[in-house]
Structures are given as C-alpha cells and as structure tokens.
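Here is the structure we will look at.
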2 protein chains.
Amino acid sequence: MKNEKCPVLNFTEQIGGKWKLPILNAIRKNGSLRFGKIHQIVEGVSRKVLTDQLKGLEKDKLIIRKQFEEIPPRVEYSLTDKANGLNEVFEAIGKWSNTVDK
Amino acid sequence: MKNEKCPVLNFTEQIGGKWKLPILNAIRKNGSLRFGKIHQIVEGVSRKVLTDQLKGLEKDKLIIRKQFEEIPPRVEYSLTDKANGLNEVFEAIGKWSNTVDK
DNA sequence: ATTGATAGTTACCTTTTGGTAACTTGTTTC
DNA sequence: GAAACAAGTTACCAAAAGGTAACTATCAAT
C-alpha cells in the first residue's frame, strides 16, 4: 500500500541525514561490505553513529545485515532490492556533480 | 575547476538537511515562488529555519533571490541553472518513491 | 596470561539544527 | 490613529545529531 505523501519527503525521511547516502553508496559500489570496511570508506563517521545509521537503514529495509557466527565476529551488509532501486538516483547525482563546479 | 571529492558528498554537502530538497522541489514545480508561498507548501518549516535554508541555497548558487522594492515587501525565489540540473535527480527520486511501498 | 582481532555498546558531552514569540519596516486601509 | 500586510530579524530555548573514550565478548596466537 502506498501513501500519498510527497515523494521527496518519502525519500528524505528514509535516506536523509549526513551519512545514509554515503553509506548506501559505499555498499552499492562493493556489493557487500563488512562493518569495519564501511567505517574506513565513509570517512569521518564514528562507530557509534555508523551503527545507528545502519540500524536505521535496516529498519527501513534498505540493507541486509548478515551475521556470521565466527570469532572474531564478522558481519556483512548488502543492499536490498528496494535500495538497488536507488541506482538511478545515484547515477543522476553523479552526473550532476560532474557537470557542476564544486 | 572540479575537485576530486566523492559526488555523493558534493551533493549532500549542498543539499543535505531536512528541508533543502523539499524547498528546491517546491520552487522547481512552480517556476518561482514568494517566501510566504514556500512557507505554506513546505509544511512544518518555521520562518526562521526557512530563511536560513534559503540563504544557504543562495550561497551555493542553487536559487536566485529577487527582491521587489514594494510595500508590502515582495521577494521571489527561483532556481539557477545549476539547480535545474537536478531535475534528473528529482525524477529518479519520484520513480523510486512510486515503485517502493512506503 | 596477555595481546589482538571484530563488531559493537554505554555513558557522557558538544555541536548543530530547529522552534517560539516578539519585534521591525513602510505604506495602505479602516 | 490603529491595524494589516510581507518578509524577514532577534533573543532565547529545546531537541536532534554526532562525537569520544572506555568497555564487552570470544577465540586464537604468542
């Protein structure tokens, strides 16, 4: 069931904030990523905030968290189909950034 | 001159935050808008925050502020070419929001 | 027995963002 | 002479977001 809310609000409510778009982009470019690797790639984010954002993305069904029962722990994050639907958005952002002077 | 920063960061630094994307979308859909009209359309934003965001968008050359020397005052905001370049992004967001259940 | 590895959690603090309510400005309307 | 209008500004406060540093768990290697 779809609500009638503005599509832009629907987007910003799920993917707003400073880190979610960069996090999704990092995972998307790598297929799947471990926590530590995301922490390296998305520069400047603290581990606390990273876990918060990942939880939010998981709750909104944008990423899948797969935990391996190993020691030391291993967790891999990958995109859901829903998040893969954002590919066009990422591509449009990429185009825009390249045509605009920064 | 372009820097080598990640396109996604370039985007979020200019258009991040809760209100900027909805504000740009409102102006874009109407061609140009007065302050009070934006305040009506973008629901929930206070006048203080709206002026702050509009100033930020103007500084980043995403909108043009045209002030008419009239009483009572009239100010109209419109998009720059740079912001019009975001059309594809808005379209991609629209498509995504419609295919996804909310 | 200590160190190291990974993926967090927790308590606490700072910064950023956002909100409210009152005030301003100058002309026109009542 | 007071009220209304539009587009703010200002002072002040509250909430959200984000950061730091220390801690946890479990097993393997030294």
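All heavy atoms count here, side chains included; hydrogens, waters and symmetry mates do not. This one's a predicted model, so the numbers in the text were calculated from it and none came from an experiment. Residue numbers begin at 1 in each chain, while the letters A, B, ... track the order of the sequences.
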Original post:
Of all the choices, D:dA6, C:dT9, D:dG8, which nucleotide is nearest to the side chain of B:Tyr77 once you look at every atom?
Top reply: D:dG8
Original post:
Starting at CZ of A:Arg47 and ending at P of D:dT24, how long is that distance when rounded to a whole Å?
Top reply: 14 Å
**OP:** Whole angstrom is fine here: how far is it from CG in A:Leu50 over to P in D:dT20?
**Re:** 13 Å
Original post:
Once you round it to whole Å, what is the distance between C1' of D:dA6 and CZ of B:Phe35?
Top reply: 9 Å
**OP:** Show your working on side chain to side chain contact (heavy atoms under 4.5 Å, CB included) between A:Lys18 and B:Thr12 and close with a plain yes or no.
**Re:** CA-CA 7 Å; A:Lys18 196 174 168 183; B:Thr12 56; over 6 Å; no
Original post:
Taking the side chain as C-beta and beyond, is there a heavy-atom pair between B:Asn25 and A:Cys6 under 4.5 Å?
Top reply: yes
Original post:
With respect to the side chain of A:Pro72, which nucleotide from D:dA7, C:dA5, C:dT9 is positioned closest?
Top reply: C:dA5
**OP:** Kindly indicate whether the side chain of B:Leu50, heavy atoms from C-beta on, has any atom under 4.5 Å from the side chain of B:Phe35.
**Re:** yes
**OP:** Ignoring hydrogens and angles, state whether a donor on the side chain of A:Lys82 or A:Gln14 is under 3.5 Å from an acceptor on the partner side chain.
**Re:** yes
Subject >> Euclidean distance, atom CG of residue B:Leu33 to atom C1' of D:dG8 [Å, nearest integer] >> reply: 17 Å
Subject >> Atom-pair distance (NZ on B:Lys20; P on C:dT16), nearest Å >> reply: 14 Å
**OP:** Please check the phosphate of D:dA6 (OP1 and OP2 only) for any side-chain N or O of B:Arg34 closer than 4.0 Å.
**Re:** no
Original post:
How long is the line joining CD of A:Glu76 and C1' of C:dG8, in whole Å?
Top reply: 16 Å
**OP:** Grab the CD-C1' distance between A:Glu69 and D:dA25 for me, whole Å please.
**Re:** 12 Å
Original post:
Which of these nucleotides, D:dG8, C:dT9, C:dT6, is closest to any side-chain atom of B:Arg65?
Top reply: D:dG8
Close N/O contacts between protein and nucleotides 17-19 of chain D (under 3.5 Å):
{"from": "D:dG18", "atom 1": "OP2", "to": "A:Gln53", "atom 2": "NE2", "distance (Å)": "3.3"}
{"from": "D:dG18", "atom 1": "N7", "to": "A:Lys48", "atom 2": "NZ", "distance (Å)": "3.4"}
{"from": "D:dG19", "atom 1": "OP1", "to": "A:Gly44", "atom 2": "O", "distance (Å)": "3.1"}
{"from": "D:dG19", "atom 1": "OP2", "to": "A:Ser46", "atom 2": "OG", "distance (Å)": "3.4"}
{"from": "D:dG19", "atom 1": "O6", "to": "A:Lys48", "atom 2": "NZ", "distance (Å)": "3.2"}

**OP:** Mind checking B:Lys55 for me? I need base, sugar-phosphate or nothing, with any heavy atom below 4.0 Å counting as a touch.
**Re:** sugar-phosphate
Original post:
What integer distance in Å separates B:Ile71:CD1 from C:dG26:C1'?
Top reply: 4 Å
Original post:
With a 4.5 Å heavy-atom cut-off, do A:Ile63 and A:Thr80 have their side chains touching?
Top reply: no
Original post:
Would you call A:Phe90 and A:Leu24 a side-chain contact if the rule is heavy atoms closer than 4.5 Å?
Top reply: yes
**OP:** May I ask whether B:Leu21 and B:Ile27 are part of the same hydrophobic cluster, defined by side-chain heavy atoms of I, L, V, M, F, W, Y residues being less than 4.5 angstrom apart, directly or through others?
**Re:** yes
**OP:** Looking at every strand, decide which applies to A:Arg74 at a 4.0 Å heavy-atom threshold: base, sugar-phosphate, or nothing.
**Re:** sugar-phosphate
